[in-house]
Amino acid sequence: MSDPMRIRAQVAGDKATVRVLMSHEMETGLRKDGAGKVIPAWFIQEVTAQLNGKNVMTAHWGPSVAKNPYLQFSVKGAKAGDKITISWTDNKGEKRSDEATVS
Amino acid sequence: MLKISVPLILAILSTAALSQQKSATDAIAEYRAMLADGNPAELFEARGEDLWKMKRGPKNASLEQCNLGKGPGVVKGAFVELPRWFADTGKVQDLESRLLTCMEALQGFDAKAIAATPFGKGEQINLEGLTAWISAESRGMRFNLPQAHVQEQINYELGKRAFFYRAGPYDFSCASCHGQAGKRIRLQDLPELTKNPGDGVGFAAWPAYRVSSGEMWSMQRRLNDCYRQQRFPYPGYASDVTIALGVYMGVNAKGAQSVAPALKR
Amino acid sequence: MKMVKTLALTVVTALAASCTSMPPKADYAALMNQMMAGSFRDEGIAKTDRLIQDQANAACSEAQGKSLPDAVTEAIQQAALQGVRMPSDGKFTGDWREGEKLAQNGRGMTWSDKTALPKDNGGNCLNCHQVTKEEVSYGTIGPSLYHYGKDRGVLDPESQESRPIVEYTWTKIYNAKSYNACSGMPRFGHAGLLDEMQMKHLMALLLDPKSPVNR
Amino acid sequence: MTTRRQVIFRSAQLGAMLATLGLLPEAAQAQATYNAGAFEAKTMPELMKALGASAPVESKDVTITGPDIAENGAVVPIGASTTLPGVKRILLLVEKNPSVLSALFDVTDSVDANFSTRVKMGQSSNVFAVALMGDGKVLYAVKEIKVTLGGCGG
């Protein structure tokens with residue numbers, strides 16, 4: 001099972017800055033292992049963000065996003081105490097969802 | 001978490017850049033500032049804390065009674081006093097070798113087998129998480145290794161000799177790269193480790209998340225790769241020479257503020 | 001009055017002594033041997049016999065960065081110089097383009113390298129030296145080599161008038177200890193790290209007026 | 001040996017299957033499905049074709065952020081933003097990567113059109129921030145990022 005994300009959501013004016021770290025290999029499928037065998041692609045394809053359960057952003061990623069991905073964006077109108085949920089799905093169909101409270 | 005905002009650092013850097021052509025070093029500083037907020041080491045810290053508290057191993061026990069030098073279960077402040085002498089093992093131990101002792105004594109793991117496991121595999125992955133979290137619990141504290149025990153003093157002397165030991169096909173020693181201030185390899189600044197190189201530099205910056213490989217490296221792994229680049233044979237995990245070097249560098253770093261786990265190239 | 005002063009001085013001296021305590025007495029040479037032998041193992045091409053020091057490495061390690069006694073320095077440098085073999089065909093330079101590739105290449109001789117043959121070794125130059133103006137990623141452990149040949153007035157490295165600087169440069173690459181007993185530079189010829197042709201390529205990089213080093 | 005194309009194809013199938021079974025989060029279903037073709041595009045024109053977008057025009061209203069030099073190509077922090085109203089999508093591209101598109105963000109009224117992430121770069125390259133506007137316009141900003149060889153190179 002994958003490790004939890006680290007989500008920080010901090011109010012800045014009339015919005016909240018959301019910073020997310022995800023634990024993922026983001027393997028390109030172009031690399032070879034020590035024995036010369038291609039390491040299969042394995043990467044997060046879709047990331048969604050919800051504010052109090054309502055979808056506010058969807059991102060699609062390719063394998064060139066760096067390992068253990070970082071994402072930063074701002075949610076308008078988010079206040080302290082609001083819930084930010086980040087979810088991802090990778091190309092193997094694995095998924096993970098974590099929540100943070102805006103502070 | 002960083003206190004200074006990244007946009008602020010960038011603003012300062014870009015203002016400075018207006019007056020003159022940015023040097024490669026400035027550009028690299030800018031790159032590092034951009035990465036400073038959001039160090040993936042945080043992911044490993046979280047895992048390490050869980051591993052500390054989790055019941056695991058043949059004895060199905062947690063590490064919460066592990067004595068890292070400040071008494072059973074005391075984690076805060078332990079990292080900046082390691083390596084140190086431990087009476088129960090009769091040895092000077094660094095964080096990693098002490099964890100092996102605890103994993104064997106408390107959880108029933110085979111310490112020798114873990115030490116022989118390649119980096120990035122099996123229990124070695126868990127050790128990287130544990131060292132990330134334990135070091136993070138001393139973040140901002142200053143290195144203050146004990147030197148009261150005669151074995152701690154002898155280890156310092158041996159570490160110093162090991163540091164200057166030139167051999168192998170390239171005639172390198174640790175001092176080849178880390179014996180002078182203000183030098184670099186390619187664009188990498190090299191800390192001078194024969195004295196306190198400053199807050200959050202050198203010994204005070206490991207464990208660290210390695211950007212190049214996307215892995216968490218403890219000091220043991222850092223030393224292992226130093227010896228690889230030194231063209232030496234392979235140092236055993238938690239072997240005597242690695243502990244002695246830890247004592248030498250750690251004592252020299254007295255007063256340096258720990259930023260571990262840091263972010264490195 | 002005088003008594004008080006003396007007393008204060010004694011206290012200060014005692015404090016100073018306790019701060020700079022001497023290392024405990026022990027047979028460090030024996031402990032060191034034991035520690036090194038017990039800490040390393042063979043891995044790939046990197047065998048534990050690499051830990052054996054020759055006289056030069058033993059003396060320079062012992063000095064811990066301080067200068068050696070003149071006689072020791074002289075002996076190391078003489079021995080190094082005598083072991084240097086000049087190119088078998090009397091020609092000192094190869095292709096600077098190949099030299100630049102070698103200078104960039106930081107590989108070789110680690111336990112993760114397949115062989116210890118010169119063909120699998122790089123020159124590692126950029127790790128420690130600036131070489132060209134274009135490459136900004138260079139180390140500073142060694143001096144800058146940019147304009148190496150130009151600054152020394154080399155117009156034709158194979159000419160008679162260039163001979164002294166050319167031989168000096170060859171010697172430096174072959175065995176840097178010939179001129180500096182505790183030089184930090186690997187002994188590329190002496191240790192068999194690079195073959196004659198590879199060293200000639202590095203010579204061309206440094207001395208050929210057309211090389212980016214001299215432009 | 002499994003090629004990357006096959007993996008993506010399979011995972012697209014899997015995604016479609018999961019969606020049919022109602023296993024994907026509702027929010028995800030509401031959005032456009034993963035456009036595997038766009039992430040396979042080798043060039044900007046190929047990418048625009050895969051996205052059904054018109055030819056991009058350089059614009060001062062779009063911003064690309066990133067370092068001038070990356071110490072390591074494995075992790076390069078870049079960001080894309082615009083303050084123009086009516087933006088639908090923001091893209092991040094690395095011209096010299098095997099596939100140009102790194103990330104695509106669907107903008108809603110609830111977020112700023114301002115996203116930062118970290119990408120891998122195989123070599124020095126131009127990076128692009130592209131904004132797909134509601135009126136069909138495609139605007140971009142470009143910046144060169146040099147990737148240096150760090151460490152001992154061994």
Side-chain angles (χ1 to χ4, degrees), chain A residues 12 15-22 26-32 36-78 85 87-95 97, chain D residues 1-8 10-12 14-15 17-18 23-28 30-36 38-41 73-77 79 89-94 97-122:
Chain A
K15 48 194 153 196
T17 307
V18 182
R19 296 181 181 89
V20 190
L21 276 168
M22 309 172 198
M26 299 302 286
E27 194 57 62
T28 58
L30 302 171
R31 294 198 313 151
K32 288 177 177 166
K37 235 182 92 194
V38 172
I39 307 169
W42 183 30
F43 59 97
I44 292 174
Q45 280 189 320
E46 183 173 274
V47 181
T48 61
Q50 291 178 305
L51 172 66
N52 298 325
K54 178 184 160 256
N55 187 67
V56 291
M57 188 222 48
T58 303
H60 288 168
W61 287 354
S64 62
V65 168
K67 181 173 177 176
N68 294 323
Y70 175 78
L71 170 65
Q72 182 178 332
F73 61 99
S74 294
V75 182
K76 294 177 191 167
T85 311
S87 310
W88 58 251
T89 308
D90 70 20
N91 67 321
K92 290 182 180 172
E94 283 176 39
K95 51 189 78 216
S97 206
Chain D
M1 195 179 80
T2 313
T3 67
R4 190 167 138 265
R5 192 175 288 269
Q6 283 168 335
V7 169
I8 289 172
R10 278 196 207 129
S11 64
L14 181 70
M17 213 168 72
L18 291 169
L23 292 176
L24 284 182
E26 228 172 279
Q31 297 297 321
T33 47
Y34 191 78
N35 188 335
F39 284 98
E40 298 261 287
V75 179
V76 184
R89 266 186 172 174
I90 294 277
L91 316 177
L92 278 168
L93 277 62
V94 181
N97 272 0
S99 303
V100 290
L101 181 60
S102 281
L104 167 163
F105 300 89
D106 280 328
V107 184
T108 68
D109 292 341
S110 305
V111 289
D112 285 350
N114 184 352
F115 304 95
S116 301
T117 185
R118 296 166 183 169
V119 297
K120 297 189 267 259
M121 289 177 64

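The structure presented is a predicted model; accordingly, all values stated were derived computationally and were not measured. Here is the naming used below: chain letters follow the sequence lines, and residue numbers restart at 1 for every chain.
Scanning for side chain to side chain donor-acceptor pair (under 3.5 Å) contacts around Asp112(D) gives Lys15(A), with sequence neighbours left out. A search for side chain to side chain donor-acceptor pair (under 3.5 Å) contacts involving Lys54(A) returns Ser110(D), not counting sequence neighbours.
Between His60(A) and Phe39(D), the shortest heavy-atom contact is O-CZ, 3.3 Å. Between Val65(A) and Ser102(D), the shortest heavy-atom contact is CG2-O, 3.6 Å. Shown here for Leu21(A) and Arg118(D), the closest heavy-atom pair between the two residues is CD2-NH1, 4.3 Å.
Heavy-atom pairs under 4.5 Å with chain D peak, among Met26(A), Lys37(A), Lys67(A), Lys76(A), at Lys76(A).
Lys120(D) places a side-chain N or O within donor-acceptor distance of the main-chain N or O of Pro63(A), the cut-off being under 3.5 Å.
Among the candidates Val119(D), Thr117(D), Leu104(D), the single residue satisfying the side-chain contact (heavy atoms from CB on, under 4.5 Å) test with Trp61(A) is Thr117(D).
The shortest distance between side-chain heavy atoms of Phe105(D) and Leu71(A) falls below 4.5 Å.
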